[in-house]
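The structure appears below as structure tokens.
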Protein chains: 4
Amino acid sequence: MKTLRTAILGPTGYTGYWLIDLLLRHPHAEVSYLASARDELPRIDHEFPALAGRCELTCRPIDAQAIADECDVAFACLPHKTAMTHVAALLAAGVRVVDLSADYRLSDADLYESVYQTPHTDRDNLKHAAYGLPELFADDIRDADLVANPGCYPTAAALGVAPLIERSLIDTADIVINAASGTSGAGRSVKPHLHFCEVNEAFYAYACGEHRHQPEIEQTLSRVKGQPVQALFVPHLLPIDRGILETIYLSPKDSDVSIDDLWEAFVDAYADKPFVRLCRDRMPNVKHVRDTNFCDIAVKLVEQGDVRKVVVFSAEDNLIKGASGQAVQNMNVMFGMDETAGLLT
Amino acid sequence: MKTLRTAILGPTGYTGYWLIDLLLRHPHAEVSYLASARDELPRIDHEFPALAGRCELTCRPIDAQAIADECDVAFACLPHKTAMTHVAALLAAGVRVVDLSADYRLSDADLYESVYQTPHTDRDNLKHAAYGLPELFADDIRDADLVANPGCYPTAAALGVAPLIERSLIDTADIVINAASGTSGAGRSVKPHLHFCEVNEAFYAYACGEHRHQPEIEQTLSRVKGQPVQALFVPHLLPIDRGILETIYLSPKDSDVSIDDLWEAFVDAYADKPFVRLCRDRMPNVKHVRDTNFCDIAVKLVEQGDVRKVVVFSAEDNLIKGASGQAVQNMNVMFGMDETAGLLT
Amino acid sequence: MKTLRTAILGPTGYTGYWLIDLLLRHPHAEVSYLASARDELPRIDHEFPALAGRCELTCRPIDAQAIADECDVAFACLPHKTAMTHVAALLAAGVRVVDLSADYRLSDADLYESVYQTPHTDRDNLKHAAYGLPELFADDIRDADLVANPGCYPTAAALGVAPLIERSLIDTADIVINAASGTSGAGRSVKPHLHFCEVNEAFYAYACGEHRHQPEIEQTLSRVKGQPVQALFVPHLLPIDRGILETIYLSPKDSDVSIDDLWEAFVDAYADKPFVRLCRDRMPNVKHVRDTNFCDIAVKLVEQGDVRKVVVFSAEDNLIKGASGQAVQNMNVMFGMDETAGLLT
Amino acid sequence: MKTLRTAILGPTGYTGYWLIDLLLRHPHAEVSYLASARDELPRIDHEFPALAGRCELTCRPIDAQAIADECDVAFACLPHKTAMTHVAALLAAGVRVVDLSADYRLSDADLYESVYQTPHTDRDNLKHAAYGLPELFADDIRDADLVANPGCYPTAAALGVAPLIERSLIDTADIVINAASGTSGAGRSVKPHLHFCEVNEAFYAYACGEHRHQPEIEQTLSRVKGQPVQALFVPHLLPIDRGILETIYLSPKDSDVSIDDLWEAFVDAYADKPFVRLCRDRMPNVKHVRDTNFCDIAVKLVEQGDVRKVVVFSAEDNLIKGASGQAVQNMNVMFGMDETAGLLT
């Protein structure tokens with residue numbers, strides 16, 4: 001099989017780093033072009049010493065035409081707002097794109113503008129962007145020129161809740177997603193609250209009901225249900241490098257929903273999905289999915305007196321299944337390769 | 001003021017250690033008797049080198065009469081089941097007791113037997129035990145000879161929910177308590193899942209709806225409401241030494257409950273409670289309460305479309321307000337001292 | 001005893017925070033004046049939420065005269081270079097000062113200028129500054145108006161090596177100090193290499209033979225010996241909040257130096273020093289000294305074939321004995337109080 | 001190329017886990033036989049949930065003949081003493097072996113018996129065992145039926161010092177190796193000092209001059225020099241999962257040794273060694289080598305006054321280059337494959 005030539009825009013953040021790492025291991029892809037917006041263009045192994053001896057490319061400017069000339073696919077790891085400018089240029093130049101920013105995730109441009117507080121300047125491409133969650137939307141991804149790679153939290157949430165909505169097993173008016181993420185989810189830029197001594201031995205919630213990933217979660221759940229669904233999303237910061245665990249509280253649709261019904265929904269949904277592991281005898285743990293593209297899921301039905309609750313546990317590596325791994329998975333689907341290529345060895 | 005002479009039974013666990021630490025700082029108490037069930041009785045600073053130069057007592061056998069002869073009050077830091085044997089003997093010998101085990105927390109002995117899967121062998125004293133949560137039950141504690149020190153999780157839960165039940169602001173049929181605790185909460189004994197490499201960089205839920213602290217939480221909330229209340233309690237293990245954060249999801253009782261109503265309930269309940277800090281401008285964080293007897297609480301009202309949820313955040317140090325600090329606070333109340341003595345300097 | 005009124009200049013860093021914490025616990029001191037150079041003067045508990053309910057002072061401008069009017073002693077927690085301006089003014093206004101910066105630590109102003117690459121603008125006061133290591137120089141401190149609080153690394157190093165030099169037990173031409181410090185030692189300001197994800201699960205050496213604390217260490221050892229002593233100092237960054245461990249490699253002066261000689265030197269030096277704990281049966285561990293003003297020391301004599309080495313282990317909390325605790329200890333000595341007041345409860 | 005069939009004896013420890021992980025990624029090897037001494041033979045993904053979906057083999061008894069029938073090579077991850085029994089049987093049955101225990105590392109059986117306090121029961125095979133450090137002894141490994149995989153600490157030490165001895169640049173009478181290792185180096189078995197709360201936020205030295213790896217280090221350095229060399233080795237425990245950093249203090253052989261000489265020695269030694277990275281512009285950091293088979297090395301020459309010291313920094317992942325990765329590297333060499341197969345993608 002022909003080797004895919006890939007470009008990474010914005011390779012100096014954590015998602016860029018892990019894309020490089022994964023693509024270096026990929027049997028049918030190579031890293032051809034690292035494109036940075038910085039004034040001083042770094043050699044990537046000087047930026048990330050862990051890459052020494054593995055990748056010694058020097059970053060080049062972001063030049064859509066040059067990228068199109070040299071590459072088959074581009075990954076955009078740029079901040080939202082910056083991303084859409086370059087994505088539009090890349091598409092115009094004829095490169096297929098996986099965008100890891102938020103710019104093409106929300107199909108409703110007005111909602112995007114309200115959530116991200118910035119105009120959407122590429123509504124045309126937005127119309128044709130596929131939402132890159134292959135377990136749910138592989139058909140859209142296959143033929144797309146532009147795939148919006150989902151947010152880290154929305155990936156774990158959608159995989160944990162969608163099968164139960166599809167089977168009408170839960171009351172969609174009562175969805176609470178309690179989430180916790182490792183600190184790499186906050187990105188590599190330097191901020192006071194990310195100082196080691198502020199994060200270490202700490203734990204707290206933030207952005208209760210106000211996180212930008214909440215509308216993205218709701219969009220997916222609504223799409224699955226076929227009508228608007230809302231969810232309360234409450235993230236917390238974990239003093240670890242990587243990993244997301246979501247503990248999702250739901251109400252069963254009616255009184256005869258059984259634990260077997262719940263598992264059956266997951267089994268049906270993911271029987272042929274190599275990256276979802278159903279955990280019948282153990283609890284999902286961020287450490288079990290670290291450095292993998294797996295999402296581990298378990299479900300419990302708690303019945304006590306009059307109270308009946310469904311609790312779903314969904315764990316992933318925020319940088320792999322929640323970002324760069326899923327981006328590679330999307331590339332695999334877009335180019336007709338085995339979905340697991342480079343991701344399951 | 002006369003100095004209280006104190007005994008600690010079971011001083012070689014984490015709660016014992018922190019009791020010693022707190023009592024050494026206490027202006028009106030001293031550590032007089034360390035009583036251990038071990039065959040080899042250790043010098044306490046050999047067991048805990050951090051105590052070198054501060055406390056060099058050698059443990060003695062657990063002898064109720066000797067303790068009664070030398071001490072005014074005894075703290076039992078023994079495992080449940082073992083505790084009640086010794087507590088009964090101490091009370092018979094005339095010492096007042098703060099019991100940090102679970103043996104006297106559940107006033108319904110049958111419930112205790114079902115939850116802890118062991119007979120309750122001291123039902124007489126159980127009848128007179130006070131539940132040692134001073135913010136709610138100071139009057140009971142004041143005159144009690146036996147105070148059952150609450151569990152770590154139940155303390156944060158009760159302080160976070162009770163004022164809202166008292167004011168009838170929430171629907172008591174829908175209480176979800178998502179909790180996360182530092183690893184010291186699992187005790188000092190050696191278990192495979194507590195190996196550093198299993199806990200570090202990990203995060204997972206356990207005992208969903210089955211934790212022994214759930215009935216204790218429900219007992220307190222029921223007592224506040226005056227009729228049975230149930231709650232779903234889901235704990236998680238945090239890769240940190242100390243601290244509990246509970247994120248509590250509630251439904252407002254009716255549609256006109258406002259955020260001001262919610263805060264007012266907390267202000268009223270805790271205006272004169274020195275160890276509850278209401279956090280209007282920040283989120284409770286386990287790091288802010290570390291090494292203190294504070295419980296930090298915040299409340300949010302989230303309204304989105306038809307969905308309205310109350311979210312309470314409650315943080316404490318599981319070893320201080322969740323165990324040894326509260327035990328000292330109980331001692332202060334029992335002996336008519338300032339509630340904050342030794343705890344708020 | 002009259003309560004000392006204290007001022008803290010630069011209270012928004014980690015050393016400022018711990019000074020406040022310690023002074024709040026101190027039986028004979030109070031925090032009277034928080035002086036900040038910031039444009040927006042914060043309320044201290046907004047800056048450090050952990051102080052809520054304990055200290056709610058609002059910072060005021062740095063005004064030497066106002067401080068002198070209200071306080072008996074001032075602690076300067078300012079960056080070097082900034083510190084000396086304000087210290088000079090404070091002394092002129094009649095307040096005694098403990099300076100936690102580097103500005104008065106090196107008695108040779110030329111050396112200071114070379115090491116810190118900035119002119120020394122207060123050579124007059126430098127002449128009279130006492131070096132605030134009470135275990136070695138209490139007599140100087142007692143009558144000083146200006147005490148230069150030692151650096152964190154130099155404290156552990158001096159306490160670990162001085163007794164062996166004093167007794168002429170080691171070859172002062174071969175001193176290697178391998179040190180490791182928790183991240184709080186790098187201060188609270190925001191830098192890329194202090195991002196949680198850069199420090200967590202990492203460990204590396206830095207500034208090998210070039211750290212600014214090396215000349216300070218050498219100054220103390222030279223003073224003890226009475227002639228110039230050099231040392232190689234190699235610090236490492238630890239992924240923990242607090243604590244310094246120094247592992248110090250020395251050569252015995254001659255072949256008949258015994259392990260008893262080595263211990264005897266330490267016992268003699270520290271028999272009446274409450275904050276040095278000699279560890280005969282255990283290894284110094286940063287966790288054992290956390291939150292204390294102790295420095296834990298052990299010594300080994302390794303003999304294998306022709307090779308004979310003395311290894312000293314010296315552990316302290318870099319923020320307490322290595323900074324704020326030692327500053328309080330200095331204050332205690334300066335004002336004729338028990339050296340341990342507020343530090344050993 | 002034919003796929004090698006591999007067996008792992010003792011797969012339920014950390015080195016076993018990482019061998020499985022690496023062999024699953026290896027292009028020319030497969031995991032065929034997991035052999036455990038446990039009474040209850042676990043399915044490996046139940047033992048290590050992270051392997052779910054990747055390897056679902058059930059362990060079988062340790063049966064040398066069955067292993068020989070099914071496998072080309074066996075990795076022994078058993079405790080020392082147990083290992084040699086099984087290794088002897090495997091060799092007799094005709095399987096080539098990489099032994100990760102200490103049993104064949106010390107070529108002097110008497111020294112082994114003194115260091116490990118147990119008789120060596122397989123002196124015959126010991127005579128023919130190759131010491132599996134491919135950067136130094138590839139020729140021995142190529143034809144060996146039994147390769148003794150080096151200890152984790154000795155690997156980093158030997159790679160850091162050998163080139164300087166070979167070039168006679170250092171005084172071999174003065175070698176001090178200050179080492180720090182992540183906690184996985186202590187193994188997976190449950191011990192009080194490995195409890196999360198004992199390791200987290202802690203740092204201390206242990207086994208000063210008495211660690212079993214010291215004779216192994218000395219053996220390699222002696223072999224390189226051609227005459228006995230001694231070294232002082234002082235390990236420390238790091239509160240991280242994985243990684244070793246050794247900071248090695250040496251004296252230059254004579255006064256005209258330059259930093260260029262030192263670097264040249266390393267460049268010469270490792271120019272064609274794919275797993276040693278020389279770090280001219282950065283300091284080796286355990287985080288940069290995590291999950292890789294690299295050993296990162298830097299060297300400094302410190303000259304201050306009369307004191308001249310060479311300091312070498314050597315970092316590796318204790319579970320990869322220090323154990324399982326090196327074992328795979330040895331397998332690659334033994335079977336004539338590219339040394340980097342499965343290790344550098």
Side-chain angles (χ1 to χ4, degrees), chain B residues 12-18 21 36 38 40 42 44 46-52 77 152 180-206 235-244 286-287 290-291 317-320 322-324, chain D residues 12-18 21 36 38 40 42 44 46-52 77 152 180-206 235-244 286-287 290-291 317-320 322-324:
Chain B
T12 58
Y14 290 132
T15 55
Y17 172 81
W18 286 103
D21 179 85
S36 168
R38 291 202 191 165
E40 302 248 348
I44 198 64
H46 293 178
E47 187 70 22
F48 293 116
L51 290 175
C77 301
C152 51
S181 172
T183 303
S184 61
R188 198 178 173 221
S189 61
V190 175
K191 292 168 190 163
H193 76 283
L194 301 181
H195 188 293
F196 178 80
C197 295
E198 301 300 315
V199 175
N200 186 43
E201 298 290 296
F203 187 64
Y204 57 93
Y206 64 99
H236 300 68
L237 187 70
L238 276 172
I240 64 175
D241 276 4
R242 296 157 61 183
I244 280 177
V286 297
K287 196 153 196 171
R290 185 176 173 132
D291 258 333
D317 185 326
N318 58 298
L319 288 173
I320 308 298
S324 306
Chain D
T12 58
Y14 290 133
T15 55
Y17 172 81
W18 287 103
D21 179 84
S36 168
R38 291 202 190 164
E40 303 246 349
I44 198 64
H46 292 178
E47 188 69 22
F48 293 117
L51 290 175
C77 301
C152 50
S181 173
T183 303
S184 61
R188 198 177 173 222
S189 61
V190 175
K191 293 168 188 163
H193 75 284
L194 301 181
H195 187 295
F196 179 80
C197 295
E198 301 300 314
V199 176
N200 186 44
E201 298 290 297
F203 187 65
Y204 58 92
Y206 63 98
H236 300 68
L237 188 69
L238 277 172
I240 64 175
D241 276 4
R242 296 157 60 183
I244 280 176
V286 296
K287 197 153 194 171
R290 184 175 174 132
D291 257 335
D317 184 326
N318 58 299
L319 288 174
I320 309 295
S324 305

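Computed over heavy atoms, backbone and side chain alike; hydrogens, waters and symmetry mates excluded. Chain identifiers are assigned alphabetically (A, B, ...) following the order of the sequence lines, protein sequences preceding nucleic acid strands; residue numbering begins at 1 within each chain.
- Shown here for V190(D) and P192(B), the closest heavy-atom pair between the two residues is CG2-CA, 3.4 Å.
- For the atom pair CG of N200(D) and CG of N200(B), the computed distance is 7.0 Å after rounding to the nearest 0.5 Å.
- Taking both residues in full, the closest heavy atoms of D241(D) and C197(B) are given as OD1-CA, 3.8 Å, listed atom of the first, atom of the second, then distance.
- Taking the six-membered ring where the residue is Trp, F196(D) and F196(B) present parallel rings, their angle staying beneath 30° rather than reaching 60°.
- With hydrogens and angles ignored, the 3.5 Å screen pairs no side-chain donor or acceptor of H195(B) with any backbone N or O of S184(D).
- Of the atoms belonging to R188(B), heavy atoms from both backbone and side chain fall under 4.5 Å from chain D.
- Between chain B and the residues E198(D), E201(D), R242(D), the largest count of heavy-atom pairs under 4.5 Å involves E198(D).
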